[in-house]
Amino acid sequence: MIQFVQSFESEWLKRKRSLASWLVICGAFFTPLVITVAKIVRHGALAASSRLPNYWEALWKSSWESMAIFLLPLGAILASSLITQLEFKNNTWKLLHTTPQRYGVIFLAKLSVILVMMLQFLILFNIGIYLSGVLPGLLFGVSYPAEPIPVTYFMTENGRYFLACLPIIALQYLISLQFKNFLVPVGIGLVLWILSVAVLSWPYGHWIPYTYCSFNYLKDGPKFTHAFPLITFALGYFLLFTVTAYILYLQRKEKG
Amino acid sequence: MEQSYILETRALGHRFTDGAAVLNDICLQVPERSVYGFLGANGAGKTTTLRLVLGLLEKQQGEILLFGQPFGRNRLQALQRIGAMIESPSLYGHLTATENLLVLQKIYGCPKERIALVLEMVGLSATGSKKAARFSLGMKQRLSIAMALLHEPSLLILDEPTNGLDPNGMIEVRELLLSLNRKHGITIVISSHLLGEIEKMVSHVGIIHSGSLLFQGTLAELQQQRSAGGRLSLYTDDQSKTTSVLRAMNIQATFDGGKFTMPMPQQEMIAALAKELIGSGVSLYELSPAGNDLEAIFMDMITH
């Protein structure tokens, strides 16, 4: 356990100033910023909307619209690939593999950094949603929203989105560990994401592991007909991809 | 008493996936506290051997022992005591020198004070917030050495560590390595094709060519072995008269490139030859041992 913590700290340090760490911050605040600007432009409607009984749920829904379908899957694809590619880009696999660490610890520490970055992304996104909900009102002297923040609903949905993007992270991690060329994992990720958008209305679309963020957003919609255990599917794929990634990682004949 | 080796390989062999042999029966024996020069031209198999020793390549044939224990079963314990730099520097370009060392400090759990110490050792204390990607090749090379030294290893494995360094940098690195060996007893394995550079710091030598170990022993043994089969070079102003003198003294010599070369005669015979040549009116420009420096020995070994 101590070795894992040491390894995680080391991996966490590597992401400092990396493109992936900037992506997390910029990606998390992008949609809230757009919503804030839109509210400022249409500030005449602020007073009426702040009195709505479902103010926060409506804001949550509009914030997640682009996030669930575009930004979260693409962010997961890019962040997973960028973090893993740090070793290829810097020619440091040989450095990492000559440190006294078990291969399993290296594998898990790297994956954990990506997962913690996704959590970081969700936390920042939630802060962004909150700010986009209160800042325009404060600027134009509109009273604080009447509805209390539905914390339980937000937390549950955050948890579901986090689990829904796990298969993307695991498969991107698997691919990124195998290919030196950064374009390979990103290219495969983009193709799978485009495919996932295309199959959303297909009855078997839920078998494509990149669809779950979108399905989680669409699940409350009137036209949603996919009755499947989303969390079970997501966790199943995550476990499958993670175990496969580890086996392939262990079997690499050249470790740097 | 049996010599103890800090690093030993037994019949180490390796083949590429197409079946071509890269290493044949390599039996390295690196004594404790030695500076072992692993010499060979580019592509001779030096890096492959060192990558096998460090577990970066999957072992196919033979045995690897580090600190007297088989490497496979004791990988973590062995790596805890090894500092390594293989081929080009491995650094995180977006991090500073201190941050690069911090990445390793977290893993090894060594005191943070070591970071400033090793940066001082390699002359990189003043790099501040400069990112490693903006370092010159020489600075990168020195930072890699600092990273290999961070956890106070007992064995340092350096693959071409002076590549990219200017002559002054080479001297600095050489002095640093020699001081580490003498003051701290660190065993150093250093591979290179820069033979003149190696000659000035090693106590033991292994020469590899086309995947086979041609020689292994102390530097003195190598020079002794080769001087036994050494040659004498003779350069005069008169080929014909010189040939006559050599015949008269029953010395077998060959003439090539304006010079005579012959098997190294006894010291008395060399003096007599010089006296005879001068007595015959031949101007003697040069009478010197040929091919006793490491460069010549190395070239002779790999070409014969």
Side-chain angles (χ1 to χ4, degrees), chain A residues 1-25 79 82-110 112-113 116 180 182 247-256, chain B residues 14-17 47-48 50-60 71 74-96 98-110 129 131-133 140 143-144 147-148 150-151 153 155-157 159:
Chain A
M1 190 60 193
I2 292 170
Q3 200 188 38
F4 173 78
V5 173
Q6 288 174 330
S7 187
F8 178 84
E9 282 179 350
S10 171
E11 292 294 334
W12 187 251
L13 189 62
K14 289 179 197 172
R15 87 191 209 289
K16 192 176 176 183
R17 284 193 294 272
S18 68
L19 189 55
S21 62
W22 285 112
L23 194 75
V24 165
I25 296 166
L82 283 167
I83 287 292
T84 318
Q85 286 286 319
L86 273 179
E87 306 296 347
F88 283 117
K89 184 185 160 202
N90 292 297
N91 194 18
T92 42
W93 276 119
K94 61 188 178 191
L95 173 74
L96 193 57
H97 286 144
T98 49
T99 55
Q101 301 183 88
R102 289 180 203 288
Y103 296 127
V105 168
I106 294 174
F107 178 89
L108 279 180
K110 240 177 220 312
S112 302
V113 165
V116 173
K180 194 174 181 176
F182 174 67
I247 293 168
L248 291 175
Y249 168 70
L250 277 186
Q251 284 181 341
R252 267 166 56 179
K253 285 188 166 43
E254 286 196 30
K255 291 198 160 58
Chain B
H14 193 76
R15 284 176 184 277
F16 282 142
T17 41
T47 302
T48 305
L50 297 181
R51 288 174 75 202
L52 278 165
V53 162
L54 290 165
L56 293 174
L57 272 181
E58 193 179 50
K59 189 184 69 174
Q60 297 171 348
F71 178 65
N74 301 280
R75 192 179 77 89
L76 299 186
Q77 292 90 325
L79 290 177
Q80 187 75 44
R81 298 173 66 188
I82 296 175
M85 191 195 100
I86 298 294
E87 288 180 300
S88 50
S90 289
L91 308 166
Y92 297 98
H94 59 292
L95 301 179
T96 64
T98 303
E99 287 165 347
N100 267 285
L101 287 159
L102 209 50
V103 165
L104 293 182
Q105 184 270 334
K106 302 266 183 213
I107 296 169
Y108 288 106
C110 52
S129 58
K131 311 287 175 296
K140 287 178 180 172
L143 179 54
S144 288
M147 289 164 85
L150 182 70
H151 56 293
L155 170 63
L156 206 51
I157 297 179
D159 188 16

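Within every chain, numbering begins at 1; the chains are lettered A, B, ... in the order of the sequence lines, protein sequences first and strands thereafter.
- Ranked by heavy-atom pairs under 4.5 Å with chain A, the first of B/His151, B/Lys131, B/Gln105, B/Arg81 is B/Lys131.
- Separating the NZ atom in A/Lys253 from the CG atom in B/Leu57 is a distance of 11.0 Å, to the nearest 0.5 Å.
- The contact between B/Leu91 and chain A is made entirely by backbone atoms, counting heavy-atom distances below 4.5 Å.
- Counting heavy-atom pairs under 4.5 Å between each of A/Pro100, A/Ala109, A/Gly256, A/Ser18 and chain B puts A/Pro100 at the top.
- Proximity to chain B involves both the backbone and the side chain of A/Arg102, based on heavy atoms less than 4.5 angstrom apart.
- Residues B/Ser90 and A/Thr92 approach most closely at C-CG2, 3.7 Å, considering heavy atoms.
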Exercise for the section: Walk me through it: do A/Thr98 and B/Ile82 pass the test side-chain contact (heavy atoms from CB on, under 4.5 Å)? Expected result: CA-CA 8 Å; A/Thr98 49; B/Ile82 296 175; over 6 Å; no
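- Heavy atoms of B/Glu87 lying under 4.5 Å from chain A belong to its backbone as well as its side chain.
- Considering OG1 of A/Thr99 and CE of B/Met147, their distance stands at 10.5 Å, rounded to 0.5 Å.
- When each of A/Glu9, A/Gln6, A/Lys14, A/Lys255 is checked for heavy-atom pairs under 4.5 Å with chain B, A/Lys14 comes out on top.
- Counting heavy-atom pairs closer than 4.5 Å to chain A, the top residue among B/Arg51, B/Glu58, B/His94 is B/His94.
- Note that CG of A/Leu13 is 10.0 Å distant from CD1 of B/Ile107, once rounded to the nearest 0.5 Å.
- Heavy atoms of A/Phe4 lying under 4.5 Å from chain B are absent altogether.
- Counting heavy-atom pairs closer than 4.5 Å to chain B, the top-ranked of the candidates A/Glu87, A/Arg252, A/Gln3, A/Lys89 is A/Glu87.
- The two residues A/Lys16 and B/Leu95 come nearest to each other via the heavy atoms O-CD2, 3.8 Å.
- For the pair B/Leu54 and A/Lys94, the minimum side-chain heavy-atom distance is 4.5 Å or more.
- The nearest pair of heavy atoms linking B/Val103 to A/Ser10 is O-OG, 2.9 Å.
- Taken to the nearest 0.5 Å, the CG atom of A/Leu95 stands 8.0 Å off from the OG atom of B/Ser144.
- For chain A, no part of B/Met85 is nearby; none of its heavy atoms comes within less than 4.5 Å.
- Judged by a 6.0 Å distance limit and a 45° cone about the ring axis, A/Arg17 is not positioned over the six-membered ring of B/Tyr92.
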